[in-house]
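All of these numbers come straight from a predicted model, not from anything done at the bench. In what follows, chains carry the letters A, B, and so on, assigned in the order in which the sequence lines appear, proteins first and then strands, with residues in each chain numbered from 1.
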Number of protein chains: 2
Amino acid sequence: MQRYSRQRESIVDYLRSTKEHPTAETVYQHVRVQLPKVSLGTVYRNLSQLAAAGEILRFSSIDGVDHFDADTATHYHFICNHCGRIQDVPMSPLSDIDRLAGIGVRGEIDGHAVTFYGHCDLCLDSAEQ
Amino acid sequence: MQRYSRQRESIVDYLRSTKEHPTAETVYQHVRVQLPKVSLGTVYRNLSQLAAAGEILRFSSIDGVDHFDADTATHYHFICNHCGRIQDVPMSPLSDIDRLAGIGVRGEIDGHAVTFYGHCDLCLDSAEQ
DNA sequence: AATCGTAACAGGAATCATTACTGATTAGGA
DNA sequence: TCCTAATCAGTAATGATTCCTGTTACGATT
């Protein structure tokens with residue numbers, strides 16, 4: 001049974017308030033403002049728990065560190081190969097591809113993730129100068 | 001300038017011979033059969049180098065460990081949520097989605113990756129029993 | 001309200017993948 | 001053949017994440 005905890009609530013609150021796809025470390029820094037005694041282990045434990053329960057998403061990026069997202073609806077990401085920034089892609093999910101992929105593989109497909117790679121506007125701008 | 005090395009050749013050879021999307025550790029175990037004195041650091045260094053040069057692909061899975069693939073053509077993966085096995089999905093790449101995503105984001109999109117999640121045939125079979 | 005069982009906590013140690021360093025080796029062009 | 005930078009083996013260091021220990025406090029039961 002999952003009980004209420006101030007720490008977990010603060011973690012979820014922060015995740016819902018941002019679109020930055022933060023890492024555990026970043027979550028920790030923000031939660032610490034409200035709860036100065038929180039420990040990094042607690043952040044990790046709760047993030048794992050929330051991800052396992054499907055309340056948040058965990059995914060990895062090019063920096064080798066896990067990132068988290070409170071938006072659990074299917075949506076896609078754009079990762080800058082240069083600075084590593086992660087942005088949401090405002091595009092409707094590809095509705096048919098799970099079925100399409102299912103034709104070729106044995107097993108059961110539950111969902112998919114799409115990640116676009118390239119260079120974000122900020123990095124393109126700074127390269128021009 | 002990139003010089004020839006027996007170690008790097010052996011790494012590439014092994015990657016081209018398998019469809020298993022191995023980790024650095026697995027590559028190490030196989031290269032060690034041919035070159036018993038090879039060190040794990042050498043494997044890591046060469047894998048990073050090859051990935052940077054675009055000769056192989058590096059990607060991460062649900063196990064938190066990097067996997068490598070000698071097939072650099074755009075293709076999609078199916079990852080079993082239960083056992084972590086990674087399979088190729090025999091499906092033609094979605095040709096138009098880079099442009100489609102580009103409408104909504106500022107920046108330049110160079111490519112994309114699609115990963116399907118679910119349960120592979122082996123795990124479904126063993127669950128039945 | 002007192003007691004009890006246990007989920008959750010803080011703090012810190014341990015683990016594990018990966019990278020960096022060091023001194024020795026070697027590919028490959030002059 | 002000689003030179004030198006790329007590469008190596010071995011090992012230490014790093015950094016993200018997990019695990020462990022003793023403690024706290026929620027929530028159910030009496």
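Of the candidates C:dA8, D:dC8, C:dA27, the closest approach to any side-chain atom of A:Arg8 belongs to C:dA8. Considering only the side chain of A:Arg3, C:dA8 comes nearest among C:dT19, D:dA9, C:dA8. Of the candidates D:dC8, C:dT18, D:dG10, the closest approach to any side-chain atom of B:Tyr44 belongs to C:dT18. Here the side chain of B:Val65 is nearest to one of D:dC8, C:dA27, C:dT18, namely C:dT18. Out of D:dC8, C:dA10, D:dT7, the shortest distance to the side chain of B:Gln2 is found at D:dT7. Listed nucleotides C:dG11, C:dT18, D:dA9 differ in distance to B:Ala24; the shortest reach to its side chain belongs to C:dT18. Nearest to the side-chain atoms of B:Leu40 among the listed nucleotides C:dT18, D:dA6, D:dA9 stands C:dT18. In the set C:dA10, D:dC8, C:dT18, the nucleotide with an atom closest to the side chain of B:Asp66 is C:dT18. Of the candidates C:dG11, D:dG27, C:dA8, C:dG11 carries the atom nearest the A:Lys37 side chain, counting heavy atoms from C-beta on. Of the candidate nucleotides D:dT17, C:dA10, D:dC8, C:dA10 has the atom lying nearest to any side-chain atom of A:Val38.
As a whole-Å value, the separation of B:Arg58 CZ from C:dA17 P is 14 Å. As a whole-Å value, the separation of B:Asn46 CG from C:dT18 P is 15 Å. Atom CG of B:Asp63 is separated from atom P of D:dA16 by 18 Å (rounded to the nearest Å). Atom P of nucleotide D:dA25 and atom CD of A:Gln7 are separated by 10 Å, given to the nearest angstrom. Look at CZ on A:Arg6: it is 14 Å from C1' on C:dA7, rounded to the nearest Å. For A:Gln29 and D:dA16, the CD to P distance is 12 Å, given to the nearest whole Å. In this structure, A:Leu47 places its CG atom 15 Å from C1' of C:dA8, rounding to the nearest Å. Atom CG of A:Leu35 is separated from atom C1' of C:dA10 by 12 Å (rounded to the nearest Å).
Using a 30° and 60° split on the angle between ring planes, A:His119 and A:His82 fall in the tilted class, from 30° to 60°. Between A:Phe59 and A:His21, the ring planes lie perpendicular to each other; the angle is over 60°, past the 30° to 60° tilted range.
B:Glu25 comes within 4.0 angstrom of nothing in the nucleic acid, heavy atoms only. Among the protein residues, A:Thr23 comes within range of no part of the nucleic acid, since none of its heavy atoms lies under 4.0 Å from any strand.
When the nearest nucleotides of DNA chain D are assigned to B:Met1 and B:Pro36 by heavy-atom distance, the more 5′-ward of the two goes with B:Met1.
Under 4.0 angstrom from either OP1 or OP2 of C:dC9 there lies at least one side-chain N or O belonging to A:Ser5. Within the structure, every side-chain polar atom (N or O) of B:Ser39 is placed at least 4.0 Å from both OP1 and OP2 of D:dG10. For the OP1/OP2 pair of C:dT18 and a distance below 4.0 Å, the side-chain nitrogens and oxygens of B:Ser48 include no atom meeting the criterion.
B:Arg45 and B:Thr42 share a side-chain donor-acceptor pair at under 3.5 Å.
In this structure, the separation between CZ on B:Arg8 and CG on B:Asp13 is 12.5 Å, given to the nearest 0.5 Å.
Partners of A:Phe78 according to the ring-ring contact (aromatic ring centres under 6.0 Å, His included) rule, which considers only residues two or more places apart in sequence or in another chain, do not exist here.
Judged by distance alone, with hydrogens and angles left aside, the side-chain atoms of A:Tyr117 form no donor-acceptor pair with the main-chain N or O of B:Ala113 at under 3.5 Å.
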